[in-house]
Amino acid sequence: MIPAPEQQPATLPVIDIAGLRSTDPRQRAAVGTAIRAACIDSGFFLISHHGIDAELQAQVFAQARHFFAQPDSVKRAVDKSRSIANRGYEPLRGQTLEPGTAPD
């Protein structure tokens, strides 16, 4: 029996998007290439050098914690199924992307 390879913790790629503010098309293209690769390889990525103030980021995370701490009745009042724009609350395991597979 062949032992299973050791699993490394999954990490997401971190993409520096400062190049998007450049007038150099090569820098802009390099960011696009990195985003494309991340989408193909893992489907997710983090960004750095986005210019969003740390205090605003903290406020957004605080609001998210507040929202998700609410009772289900409050969250379901803004359920995605009520939106014509496909936006809103979606409960854990509330979506199946591929027929016949487990919910996400």
Side-chain angles (χ1 to χ4, degrees):
M1 177 185 233
I2 299 172
E6 287 192 37
Q7 294 277 333
Q8 293 292 326
T11 58
L12 295 177
V14 179
I15 300 171
D16 180 344
I17 63 167
L20 293 178
R21 292 188 293 274
S22 174
T23 57
D24 181 350
R26 292 171 296 179
Q27 288 185 23
R28 295 174 64 86
V31 175
T33 298
I35 290 172
R36 181 179 189 279
C39 290
I40 290 170
D41 294 341
S42 68
F44 298 93
F45 57 91
L46 301 170
I47 59 172
S48 65
H49 299 105
H50 44 68
I52 299 172
D53 182 69
E55 177 58 31
L56 178 57
Q57 292 178 59
Q59 290 173 11
V60 169
F61 279 108
Q63 288 296 317
R65 282 189 297 277
H66 174 73
F67 175 78
F68 286 105
Q70 300 295 313
D72 273 348
S73 61
V74 172
K75 293 181 281 194
R76 295 224 184 243
V78 291
D79 194 283
K80 188 175 96 170
S81 65
R82 299 173 184 233
S83 169
I84 61 169
N86 199 34
R87 293 185 178 99
Y89 174 71
E90 188 171 58
L92 189 62
R93 292 186 272 301
Q95 182 182 96
T96 301
L97 296 178
E98 296 179 37
T101 63
D104 295 336

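Only heavy atoms go into these numbers, but all of them, side chains included; no hydrogens, no water, no symmetry mates.
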* From E90 atom CD to R76 atom CZ, the distance as rounded to the nearest 0.5 Å -> 10.0 Å
* Distance from F61 atom CZ to L56 atom CG, nearest 0.5 Å? -> 10.5 Å
* To do: Heavy atoms only: give me the nearest P13-F44 pair and the separation to one decimal.
  => CD-O, 3.6 Å
* Within one Ile-Leu-Val-Met-Phe-Trp-Tyr cluster: I17 and I52, side-chain cutoff 4.5 Å -> no
* Flag yes if I35 and I40 sit in one hydrophobic cluster, no otherwise; membership is Ile, Leu, Val, Met, Phe, Trp, Tyr, and two members link when side-chain heavy atoms are under 4.5 Å apart. => no
* Asked: So do P91 and D79 actually touch side chain to side chain, heavy atoms under 4.5 Å?
  -> yes
* For the student: nearest non-hydrogen atoms of V31 and G19, plus distance -> CG2-CA, 4.0 Å
* For the atom pair CG (L20) and NE2 (H50), what is the distance rounded to the nearest 0.5 Å? -> 12.5 Å
* Taking all heavy atoms of S22 and all of R28, pick out the closest pair and write down the distance. => O-CD, 3.2 Å
* Using only heavy-atom distances, determine whether the side chains of Q59 and Q63 contain a donor-acceptor pair under 3.5 Å. => no
* To do: Compare every heavy atom of I15 with every heavy atom of A38, then report the nearest pair and how far apart it is.
  => CB-CD1, 3.9 Å
* Same hydrophobic cluster for V14 and L12, using side-chain heavy-atom links shorter than 4.5 Å among ILVMFWY? -> yes
* Any donor-acceptor pair under 3.5 Å from T96 side chain to P99 backbone -> no
* Asked: Do other residues, nucleotides or ligands put more than 12 heavy atoms under 6.0 Å from Q95 CD?
  -> yes
* Test item: Q70 side-chain N/O and H66 main-chain N/O as donor-acceptor pair under 3.5 Å -> yes
* **Mutual orientation of the aromatic rings belonging to F67 and Y89 [parallel < 30°, tilted 30-60°, perpendicular > 60°]** => perpendicular
* Asked: Around atom NE2 of H49, are there more than 12 heavy atoms of other residues, nucleotides or ligands at under 6.0 Å?
  -> no
